[in-house]
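Residue numbering restarts at 1 for every chain, and letters A, B, ... go by the order of the sequence lines. From a predicted model like this one, the values you see are computed outputs, not experimental measurements.
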Protein chains: 2
Amino acid sequence: MSIPIKTVVPRQIDTIKMNPEIISLVKEYFTELSEPSLQEEIAKVGVIREFKEGEIIMNFGSFVTAVPLVVKGSIKVVREEEEDNKEVLLYFLNAGETCSMSFSCCMMDKRSDIRTTAEDDSKIIAIPIKHVNDWMSKYPSWRNFVMRSYDSRMQELVKTLDSIAFKKMDERLWEYLLKRSKAHHSNIIHSTHQTIANDLNASREAISRLLKQLEKKGAISLERNKIVLL
Amino acid sequence: MSIPIKTVVPRQIDTIKMNPEIISLVKEYFTELSEPSLQEEIAKVGVIREFKEGEIIMNFGSFVTAVPLVVKGSIKVVREEEEDNKEVLLYFLNAGETCSMSFSCCMMDKRSDIRTTAEDDSKIIAIPIKHVNDWMSKYPSWRNFVMRSYDSRMQELVKTLDSIAFKKMDERLWEYLLKRSKAHHSNIIHSTHQTIANDLNASREAISRLLKQLEKKGAISLERNKIVLL
DNA sequence: TTGAAATTGTGATCTAGATCACATTCGGAT
DNA sequence: ATCCGAATGTGATCTAGATCACAATTTCAA
């Protein structure tokens, strides 16, 4: 730590202004983070960022400098295999969730990595990473929050893994449709068969056929660029 | 909890003796945990446990009461699908590593959805869960250790996931053999084809045939219950 | 030594999906 | 209205592995 210079240090630490919108967002979506002083700190250093549907949020070739608290919309996290241009959906992050994989996101091995895009128009509070660590010691609720979030990411990953390992495409497709519907808070999914096929690392034809089957069973109805869960 | 008997409580809290073996094991395998007072606490509450090869350490559905710090051998972590009795290997934990799945299990106080067995004769330091949490606030190095361990488990999980999602059985088999060889610090693997097939969620016949191919390519040599990497 | 069980080898099907090759339909720009 | 490209439908192969059905081999215990 350097010797504090009167005029500078107080500004950074004390008089930096809080963003009142952030406080209310945290109160609304992250009720677990109930310590007022923590909420204030978040409001001081957090930055609100918005993304339009389809926008790429992070390409993890580079280091991650902030952890996102999702307050609106939904963020799609996908694993990519560059060689054959393949990919699989890992999970969606919805409002109230975060991805605190602070170290790992960035430094996977190089030939394949993780991409996150806005599945919907989305809004996040970006927390610079150094605070993520500081707060771990200062605020028990933050610590719990981070641990809990690590845990649920882990759980989702394992769930995804065993869908892929154990289940057939029809079942995976159905689960996928449910997830997307949930992410959008709507039973209407705007998407082409091709996009779905990509997310599931399957062929477009296979997906089209399986969707037809679901339609015949009365589980969904199909239109161009649109699937309605019934 | 029973009513404390005078002579017992002080022993447990203050004069409990440290296990000197634990201190040296921590120093050797967990250099990151460098705070002396942390090492002492570990030596006080940690319990050394040994498992013979093949022994089940924690089964699917059981409650986790301690977090293992692996100091010898290797622990196999497997995900099970009860219905069809299928399973997949998630990863091995080697000396110097710990299982963050167990963190989440105990912190969330829920049943395990994985099974862990000793892949080799193994030794762990078992840390009762309540300390795991206490230390998070007390010891920065412990906190970092836990976070880092979550991270690396996560990475392994993602790696496993994309092997399953993107790769064919021959490649998965080869990676598997390398992992096991590494886990045993030996290029000789004692195992039946059936066991391998289980770990990869494949059929025994497929594995036998692929192993034959690898042998023909000169990558391995095969004997009963034994595979030698060349 | 002689079973008997565990392990491995091998061929014959069978199946989910991939891949290929198109035909059809829809919807928006001109 | 019409044209073009994107989205979807559909059939014909092809392939990795699963599954089934055994045979052959090894190990070990009685």
### Summary
With sequence neighbours left out, the residues meeting salt bridge (charged side-chain N to carboxylate O under 4.0 Å, His left out) with B:Glu21 are B:Lys123
#### Entry: Residues forming a salt bridge (charged side-chain N to carboxylate O under 4.0 Å, His left out) with A:Glu32, sequence neighbours excluded
A:Arg148
### Summary
A:Ile207 atom CD1 is separated from D:dT10 atom P, nearest whole Å, by 16 Å
### Query
Tell me: CD of A:Gln213 to P of D:dG9, nearest whole Å?
13 Å
### Query
What string of B, S and - do you get for nucleotides 21-30 of chain D, 5' to 3', if B is base contact, S is sugar-phosphate-only contact and - is no contact with any protein heavy atom under 4.0 Å?
B---BBS---
### Message
Counting neighbours of CG on A:Asn85 that are heavy atoms of other residues, nucleotides or ligands and sit closer than 6.0 Å, is the number greater than 12?
### Response
no
### Query
Going by atom types only, do B:Asp151 and B:Gln155 share a side-chain donor-acceptor pair under 3.5 Å?
no
### Task
Please state how far atom CG in A:Leu211 lies from atom P in D:dG9, giving the value in whole angstrom units.
8 Å
### Message
Using a 4.0 Å cut-off to any heavy atom of chain B, which nucleotides of DNA chain C are the first and last in contact, reading 5' to 3'?
### Response
C:dA6 to C:dA12
Throw together a table of side-chain donor-acceptor distances under 3.5 angstrom for residues 218-230 of chain A, partners on residues two or more places apart or in other chains.
none

#### Entry: Comparing B:His193 and B:Arg209 on DNA chain C - which has the more 5′ nearest nucleotide
B:His193
### Summary
Applying salt bridge (charged side-chain N to carboxylate O under 4.0 Å, His left out) to B:Lys76 and not counting sequence neighbours gives B:Asp199
### Query
Considering residues at least two apart in sequence or located in another chain, which fulfil the side chain to side chain donor-acceptor pair (under 3.5 Å) criterion with B:Ser181?
none
### Axial bend angle, the helix from C:dT1-D:dA30 to C:dT30-D:dA1: five-pair end segments, nearest 10°
20°
### Task
Under the side chain to side chain donor-acceptor pair (under 3.5 Å) rule, collect the residues that match up with B:His131, sequence neighbours excluded.
none
### Set of side chain to side chain contact (heavy atoms under 4.5 Å, CB included) partners for A:Ser24, sequence neighbours left out
none
## Note on the structure
Taken in chain and number order and not counting sequence neighbours, the residues that satisfy salt bridge (charged side-chain N to carboxylate O under 4.0 Å, His left out) with A:Glu215 are A:Lys212
### Query
Quick one: A:Asn198 CG to D:dA7 P, roughly how many Å, whole number?
11 Å
Listing, residues 159-172 of chain A side-chain donor-acceptor contacts under 3.5 Å, not counting sequence neighbours, or none:
| residue | atom | partner | partner atom | Å |
| --- | --- | --- | --- | --- |
| A:Thr160 | OG1 | A:Leu90 | O | 2.9 |
| A:Thr160 | OG1 | A:Glu156 | O | 2.8 |
| A:Asp162 | OD2 | B:Arg79 | NE | 2.2 |
| A:Asp162 | OD2 | B:Arg79 | NH2 | 2.7 |
| A:Ser163 | OG | A:Lys159 | O | 3.4 |
| A:Ser163 | OG | A:Glu175 | OE1 | 2.9 |
| A:Lys167 | NZ | A:Glu175 | OE2 | 2.7 |
| A:Arg172 | NH2 | A:Leu200 | O | 3.0 |

### Task
Tell me what B:Ser203 touches on the nucleic acid: a base, only sugar-phosphate, or nothing, going by heavy atoms under 4.0 Å.
base
### Message
Which is more 5' along DNA chain C, the nucleotide nearest B:Ser191 or the one nearest A:Leu210? Just name the residue.
### Response
B:Ser191
